[in-house]
Student: 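Let me begin by handing over the structure; questions about it come next.
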Amino acid sequence: MGEDPLGLYRSLAESSNGTISIEGDTVHIVVPASAMPRIVSELFKLGHSYRTCVAIDERPLNGHFSLIHILTNDRRGTYVAIKAYLDGDRPVAPSVVGDVPAADWCEMEARDLVGIEFEGRQSYRLVLPPGWPEGVYPLRKDVPHDYRPQVLARAEAVSGPGSVPVGPYHPALHEPEYFELVVEGERVIDVRYRGFHVHRGIEKLAESRMNYQQVNFLAERICGICGFEHSVCYALAVEKAAKLEVPERAQYVRSVVLEIERIHSHLLWLGVMLHTLGYDTGFMHAWRIREEIMVLAELLTGSRKTYGINMVGGVRRDIDDDKKGRVLEVLGRLRKEFSEFVDVALGVPQVRRRLTGTGVLPREDAVKLSVEGPVARASGINKDARRDMPYAAYAHASFKVPVYTEGDNMARTLVRIDEVFESISIVEQLLDSMPRGPIRLESFEVPEGRVGIQVVEAPRGGDIHFVMTGRGRPYRWRVRAPTYSNIPALRVMLKDQPLADAPLTIVSIDPCFSCTDRMVVVEGGGGRTGRWYRLGAGWM
Amino acid sequence: MSKALKFLGVFQVAIEAGRVTRRYPLEGPLVTPSFRGKVSFDPTKCIGCGACANACPSNAVVVVIDERSSRLTYFAGRCIFCWRCVEVCPTGAAQGTRDFELATDDLSDLYTVIVHMRAACSECGAPFATARMLRRVMAVAPMAESYATLCPECRRKALLDALARGRGGAVG
Amino acid sequence: MEFIPAVFAAAAPLIAIVYDGLERKLRAALQSRIGPPLLQTLYDVAKLVGKSSAHPPAARAIAFLLSTSVVLQAIALYYVLSLVGSGDLLGGAPVVIVLMLASQSALSIVPFLVPSPFAQIGGAREVLLSLVNETALVASLSIFAFAHSSTATWWAARSLALSTALAAIALSTYAMGGRAPFDLPEAEPELASGILVEFGGWTLALALCANFTRRLLLELVAASAALLAWVGPGPTTTIAVLVASPAVRALYATSSAILGRTRIDVGIASLSRAYLILLALSVAGLFLGVLHG
């Protein structure tokens, strides 16, 4: 990439007859659709992270559809948004999947929800359920948000003997998704995945029925474990689009609460992992330690989870000296307890033996699929949005980013354990240096037609929100949660593994399917919900 | 302790931690002082302005307006306990409580309904604001007494009338 | 005195359920919890019996096999306790072995009557584990019976035979009770409850009772062997066995709570290794100390 990334972006834009504009840390490049694959794959090859693509129905604004590929230059902390306008009511765009396998899902989501056809690739239905009527694209502006199609129930057989259905309901999974493991004896030879069972219509809802401040609360409910980072990411994206000067103290409060959320999330995950290994005692103790964080969160924010303190323009609750003292006390104790506990838990012979060497994700696959978070860091990719693209108050804290190279389940475990200690240290630093001042902007305007893109490092990896502002509410809001990028990597990790390790590997990416799905069919009028078909382990 | 026997440390972990579960509800309260619970709406303070309904992200509190009344309905079943209504209420009618034990077999326990009478315009007789809202406006800004009983339409007409007669300024 | 084995055997499923309640309390203490009340398992089973639920298609055959298994285990329990009183190990051990093998076989068939891939895989795991564990249990019980029943010329070698056989008995009774790290057939996070996946209501209650009774029987076998080796047969030993059985349960439960679950291939390998060593030593001791002299 060399010394002059901006020069590179400029030359790429100009050589394709496109335009380039720079807003803060975001480079907007608009090119003809045919030029997009070349630019995207060039930037990807040069080491940019491919984050996601956004399809927008801009027909009420300018008569076109648009498709935006978003990459980030992690070394410089720059967002690069490459946009193309598409014509007609059946827009077509060239696919980038050949060079950038990470773009597979978001292109298919664009196809399902906005109706953009992609040439140069095989297409399949990803997000919409099997009975969804053809030609109805929910995210188009002419489809109302409370549209309820008549969807007929249809049972699908688990394909043949030798297939083990893990899901949609399975004790190893905490949300419904479906992994069909093709097994030979106890060895997995192939994996088929189908997800998006809990698609809730969140993006459409925000675009139709809510205003800017209400969306914070909706965003927080994208996930029950990492909700606050979604709400922060949304708020930061809107603030970036509207160029708001959020008070420093608010950013500090946000960062402190984000790290507390990270600690709770990793402790939760550790407990679940130990439970999956059959070590329930470890699960109970991990969650006992986590309980102190939950009570702390309630003291700080008013709620154990879904903190509800984030607004566009600041936060609603402050951290006074009493609370600060309590935080430091709890975290000091936690550091010691957690350290002792981890020694014991990782000392259980079965835990150590089953985590080591299983579910390996080689580095090249990790890069090709642009995996996020601990999954990436366990496979040797040194990527962390808190350090690369500092947001909120992270520029004021110094912390290590743990990176391991083995890429197995144990590496992912160790990354998360190290991150807990780093988070404790970050909170201590931030509380120490928190500036005085207001915690919320009194009044502000959010102008229409602006774009804000923000990446926040969730416990599971980089979460990206894209906001295009409209009148009083987002015109388009796109959320790509980290698990969205991590699930395709499971195909690689599960191949040729013993069946017993499959749930283990699935849990090791810390899947959060609520985050991944975000948009669901509202079933009404006698659709799917009335009928149940049983095939072996159960089906929806 | 040798590496192979580290897992036996779980006994020490358990002993140091003791028993952490509690025999709720036989033992004390579970929530911290900061906890956000159910919202209580005080009918004596509510003026029916609808700020709470505007702010509510989940439509737990809605204000339905018809000819004669303005009806505020708070349904705790849809409440997400964010306390935005508490934040925006101008009179403090919406107050947060720490109540979270809301389970009941009678759905009406979860509803709070406040019905306001709408004031009729002294000129044209059409209903506009709630009577309480008018009284509050007049209490807060006494100079408004002269035109507070007119609906916005009639107020506008009166102003134009006054301007037309060359007087300008306050109406009436 | 003679009625004690009979009464205990008749009440075996109930006692097994109470012991499970004990185990849950112990597990809870290790996990810093208060835990469910002691009789919780009884309430659970009672609740299950009263529920109307879906059952696997071959429910009747399964019910037959499960209840047969429970009955056989109760009879085996009776024999074990009588043997402790009488000391006639060479005569009685074969009966106990046959009864245990029969009841385990009945249990092992059940998963294959359930048309779910999880049950099949769990059943396959159970069969593999049984092959290893049962062989070891039969061998160690036989060696123990021989060693115990003979008057030794070389005391140290007889002790070696007895103690290693006892160790093998302990390990096999532990593993056969489906205890971590060998709780593979039911592995809930992996196999969605494996062999129990399609049971509900009374079929689940029956399956759980069979599992609990099996555990009780296995622990009593271990306790009996230990006390026989230590104290020698007699009516007081019978009482001692009954008194010691909660202690054995506590030991097994604690060990199960502090370990994770292994993988089937690793588990079979480690078990086989352990048994080979123990049984080899045991046979050597038997040969040297008892047969050869």
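Every chain is numbered from 1 and lettered A, B, ... according to where its sequence line falls, protein lines coming before strand lines.
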Student: Hey, what do you get for OG1 (Thr306(A)) to CZ (Phe81(B)), rounding to the nearest 0.5 Å?
Tutor: 10.0 Å
Student: Please look at Arg98(B) and chain A and tell me whether the side chain, the backbone, both or neither of the residue comes under 4.5 angstrom of a heavy atom of that chain.
Tutor: neither
Student: Examine whether an atom of Met311(A) lies under 4.5 Å from a heavy atom of chain B, and if so say whether it belongs to the side chain, the backbone or both; otherwise answer neither.
Tutor: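 The side chain, not the backbone.
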Student: Under 4.5 Å heavy-atom distance to chain A, tell me which part of Val10(B) shows up: side chain, backbone, both or neither.
Tutor: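 Both parts, backbone and side chain.
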Student: Can you measure from CG (Asn211(A)) to CG (Asn54(B)) and round to the nearest 0.5 angstrom?
Tutor: 8.0 Å
Student: How long is the span from the CZ atom in Phe11(B) to the OG1 atom in Thr281(A), to the nearest 0.5 Å?
Tutor: 9.0 Å
Student: Which one wins on heavy-atom pair count under 4.5 Å against chain B: Phe217(A), Tyr307(A), Phe341(A)?
Tutor: Phe217(A)
Student: Inspect the surroundings of CD in Glu442(A) and state if more than 12 heavy atoms from other residues, nucleotides or ligands are less than 6.0 Å away.
Tutor: no
Student: Looking at OG of Ser303(A) and CH2 of Trp83(B), how far apart are the two atoms once the value is rounded to the nearest 0.5 Å?
Tutor: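 Interatomic distance, Ser303(A) OG to Trp83(B) CH2, rounded to 0.5 Å: 11.0 Å.
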Student: For the residue pair Ile80(B) and Arg221(A), what are the closest heavy atoms and their distance?
Tutor: CB-NH2, 3.4 Å
Student: I would like to know whether Val344(A) and Lys6(B) meet side chain to side chain contact (heavy atoms under 4.5 Å, CB included); could you show each step before the answer?
Tutor: CA-CA 5 Å; Val344(A) 169; Lys6(B) 264 251 160 213; 5.9 Å; no
Student: For Asp321(A), I'd like to know if atom CG has over 12 heavy atoms of other residues, nucleotides or ligands within 6.0 Å.
Tutor: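 At most 12 heavy atoms, drawn from other residues, nucleotides or ligands, come within 6.0 Å of this atom.
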Student: If you draw a 6.0 Å radius around CZ in Arg440(A), do more than 12 non-hydrogen atoms from other residues or ligands fall strictly inside?
Tutor: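 Correct, the count exceeds 12.
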Student: Nearest 0.5 Å, please: how far is CZ in Arg36(B) from OG1 in Thr301(A)?
Tutor: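 These two atoms lie 6.0 Å from each other.
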Student: Look at atom CD of Glu329(A) and say whether more than 12 heavy atoms of other residues, nucleotides or ligands are closer to it than 6.0 Å.
Tutor: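 Result for CD/Glu329(A): enclosed.
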Student: Between Glu340(A) and Gln12(B) (side chain of the first, backbone of the second, donor and acceptor by atom type, cut-off under 3.5 Å), is there such a pair?
Tutor: no
Student: Examine whether an atom of Asn59(B) lies under 4.5 Å from a heavy atom of chain A, and if so say whether it belongs to the side chain, the backbone or both; otherwise answer neither.
Tutor: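 When you check distances to chain A, only side chain atoms of Asn59(B) fall under 4.5 Å.
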Student: Under a 4.5 Å heavy-atom cut-off, does chain B meet the side chain of Leu218(A), its backbone, both or neither?
Tutor: neither
Student: So which of Met210(A), Arg288(A), Glu220(A) has the largest heavy-atom pair count under 4.5 angstrom toward chain B?
Tutor: Arg288(A)
Student: Verify, without hydrogens or angle tests, whether Ser34(B) (side chain) and Gly302(A) (backbone) share a donor-acceptor contact under 3.5 angstrom.
Tutor: no
Student: Counting only non-hydrogen atoms closer than 4.5 Å, does Ala14(B) touch chain A with its backbone (N, CA, C, O), its side chain (CB onward), both, or neither?
Tutor: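 For Ala14(B), heavy atoms of backbone and side chain both lie under 4.5 Å from chain A.
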Student: Is chain B contacted by the side chain of Gln213(A), its backbone, both, or neither, given a heavy-atom distance below 4.5 Å?
Tutor: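 Interface part for Gln213(A): side chain.
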Student: Counting only heavy atoms not in Arg68(B), do more than 12 sit closer than 6.0 Å to its CZ atom?
Tutor: no
Student: Under a 4.5 Å heavy-atom cut-off, does chain B meet the side chain of Arg317(A), its backbone, both or neither?
Tutor: side chain
Student: Would you mind checking if Glu16(B) and Lys336(A) are paired as a salt bridge, meaning a charged N to carboxylate O distance below 4.0 Å?
Tutor: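 Looking at Glu16(B) together with Lys336(A), the answer is no, because their closest N to O distance does not fall below 4.0 Å.
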Student: May I ask you to decide if Glu87(B)'s main-chain N or O and Arg316(A)'s side chain share a donor-acceptor pair within less than 3.5 Å?
Tutor: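 No, Arg316(A) side chain to Glu87(B) backbone: no donor-acceptor pair under 3.5 Å.
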Student: Tell me, side chain or backbone of Asn216(A) under 4.5 Å from chain B's heavy atoms, or both, or neither?
Tutor: neither
